Amino acid sequence: MSPQTQTESESFVLLRLAERRFAVAACDIAELVAPSRIFRFPHHTKEIEGVILRRGRIVPVCDVAARLIGKSLLSRRFYLIAQRRYTNGTEWIALPVTGDCELIFAEMIPASEADLPHVAGWLSHDGDVIEVLNLNALTPGPNPTILPAPTEALQQQEALS
């Protein structure tokens, strides 16, 4: 592989949900862990199944399979711990996967306007066309246009006092 080809390629983690493979940019992955106990709460959104505890953090478990393949996962082999990126920071989320994950280097074709919002782009790998996932569009999280900035929230709180 020539140096020019290496600079054009990006690294991705391929994950398996049932029989389909998807990709996430490797820079968005924190780690791959064995399934652990999920803590469930009576009041939750349908996108968040519960939380796991990992490295002193509370990590929401988002089973994205229902949106991507049409059914929730019954068996899990790993949790792929990924980072959602916001304007003011990052948050870990756990994505259940049913098979092995693989690190690859490939050139991504950007998504078009006709693609669904959760598609960041497309990869060609081993004769398959694979969706690259946009985790911000696929998983629940704060909407920065709705949440006030911390200084605005403090000013609003002081005005009410």
Side-chain angles (χ1 to χ4, degrees), residues 1-36 38 40 44-52 54-55 57-147:
M1 186 180 274
S2 69
Q4 183 179 9
T5 306
Q6 286 179 336
T7 58
E8 292 173 1
S9 295
E10 299 175 59
S11 57
F12 296 92
V13 174
L14 296 183
L15 58 113
R16 183 169 298 280
L17 300 176
E19 297 303 314
R20 289 191 55 199
R21 292 191 303 176
F22 298 90
V24 175
C27 62
D28 291 337
I29 303 300
E31 63 182 311
L32 182 67
V33 298
S36 58
I38 295 179
R40 300 179 197 282
H44 61 84
T45 65
K46 64 179 181 175
E47 294 91 2
I48 297 179
E49 184 176 322
V51 298
I52 60 172
R54 186 72 188 152
R55 299 184 187 264
R57 294 182 183 196
I58 297 172
V59 182
V61 176
C62 301
D63 184 358
V64 296
R67 288 187 63 192
L68 296 173
I69 62 172
K71 60 183 177 181
S72 293
L73 297 177
L74 299 176
S75 66
R76 288 134 192 245
R77 184 152 185 199
F78 299 107
Y79 287 121
L80 191 62
I81 308 293
Q83 296 181 31
R84 279 188 48 122
R85 299 184 191 283
Y86 302 108
T87 308
N88 297 330
T90 62
E91 173 186 56
W92 281 7
I93 56 169
L95 304 172
V97 296
T98 58
D100 290 334
C101 293
E102 177 183 357
L103 178 66
I104 66 164
F105 293 90
E107 189 175 333
M108 182 176 83
I109 300 166
S112 70
E113 290 180 15
D115 290 321
L116 295 171
H118 73 266
V119 177
W122 301 92
L123 302 177
S124 177
H125 178 71
D126 283 344
D128 292 331
V129 177
I130 301 170
E131 292 178 33
V132 178
L133 302 177
N134 173 354
L135 296 177
N136 286 355
L138 189 60
T139 58
N143 184 343
T145 59
I146 295 173
L147 296 176

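Index from 1, following the sequence. All values reported here derive from a predicted model rather than from experimental measurement.
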Taking the side chain as every heavy atom from C-beta outward, state whether Leu133 and His118 have any pair of such atoms under 4.5 Å apart. yes
Please evaluate residues Leu123 and Val132 with respect to the criterion side-chain contact (heavy atoms from CB on, under 4.5 Å), reporting the C-alpha separation (whole Å), side-chain torsions for both, the decisive distance (0.1 Å), and the verdict. CA-CA 7 Å; Leu123 302 177; Val132 178; 3.5 Å; yes
Show your working on side-chain contact (heavy atoms from CB on, under 4.5 Å) between Ile38 and Val51 and close with a plain yes or no. CA-CA 6 Å; Ile38 295 179; Val51 298; over 6 Å; no
Could you tell me which non-hydrogen atom of Ser36 sits nearest to which non-hydrogen atom of Tyr79, and how far apart they are? N-CE1, 3.5 Å
Validation: residues 17-25 side-chain donor-acceptor distances under 3.5 Å, sequence neighbours left out:
unit_1	atom_1	unit_2	atom_2	d
Arg20	NH1	Leu68	O	3.2
Arg20	NH2	Glu131	OE2	3.0
Arg21	NH2	Asp128	OD2	2.9

Enter the distance from Trp122:CH2 to Ile109:CD1 here, rounded to the nearest 0.5 Å. 10.0 Å
Of all residues at least two apart in sequence or in a different chain, which pass the side-chain hydrogen bond (donor to acceptor under 3.5 Å, both in side chains) check with Arg57? none
Rounded to the nearest 0.5 Å, what's the gap from CD on Gln83 to OG1 on Thr90? Could you check? 5.0 Å
Can you run down the salt bridge (charged side-chain N to carboxylate O under 4.0 Å, His left out) pairs that involve residues 112-122, sequence neighbours left out, and say none if there aren't any? none
side-chain contact (heavy atoms from CB on, under 4.5 Å) between Thr139 and Leu95, intermediate numbers included: CA-CA 10 Å; Thr139 58; Leu95 304 172; 4.2 Å; yes
Considering residues at least two apart in sequence or located in another chain, which fulfil the side-chain hydrogen bond (donor to acceptor under 3.5 Å, both in side chains) criterion with Arg77? Asp100
Return the set of residues passing side-chain contact (heavy atoms from CB on, under 4.5 Å) with Ala26 (not counting sequence neighbours), or none when no residue passes. Ser11, Val13, Leu103
Across all chains, not counting sequence neighbours, the side-chain hydrogen bond (donor to acceptor under 3.5 Å, both in side chains) partners of Arg67 are none
Just wondering, do Thr98 and Leu15 contact through their side chains at under 4.5 Å, heavy atoms? no
Are Ile81 and Ile29 packed together at the side-chain level, in the sense that at least one heavy-atom pair is separated by less than 4.5 angstrom? no
What closest approach, in Å, do Ala82 and Leu135 show between heavy atoms, and which atom pair accounts for it? CB-CD1, 3.5 Å
With Asp28 via side-chain hydrogen bond (donor to acceptor under 3.5 Å, both in side chains) - residues at least two apart: Arg85
Shortest non-hydrogen contact between Ala94 and Val59, atoms and distance: N-CG1, 3.5 Å
Separation between SG (Cys27) and CD (Glu10), nearest 0.5 Å, reads 8.0 Å
Take Ile48 and Cys62 through the side-chain contact (heavy atoms from CB on, under 4.5 Å) test and state the conclusion after the steps. CA-CA 5 Å; Ile48 297 179; Cys62 301; 4.3 Å; yes
A side-chain contact here means heavy atoms from C-beta on lying under 4.5 Å apart; do Phe12 and Met108 qualify? yes
Run the side-chain contact (heavy atoms from CB on, under 4.5 Å) test against Asp63 and tell me which residues pass, sequence neighbours left out. Glu49, Ala65, Ser72, Leu73, Arg76, Pro96
All salt bridge (charged side-chain N to carboxylate O under 4.0 Å, His left out) counterparts of Arg54, not counting sequence neighbours: Glu31
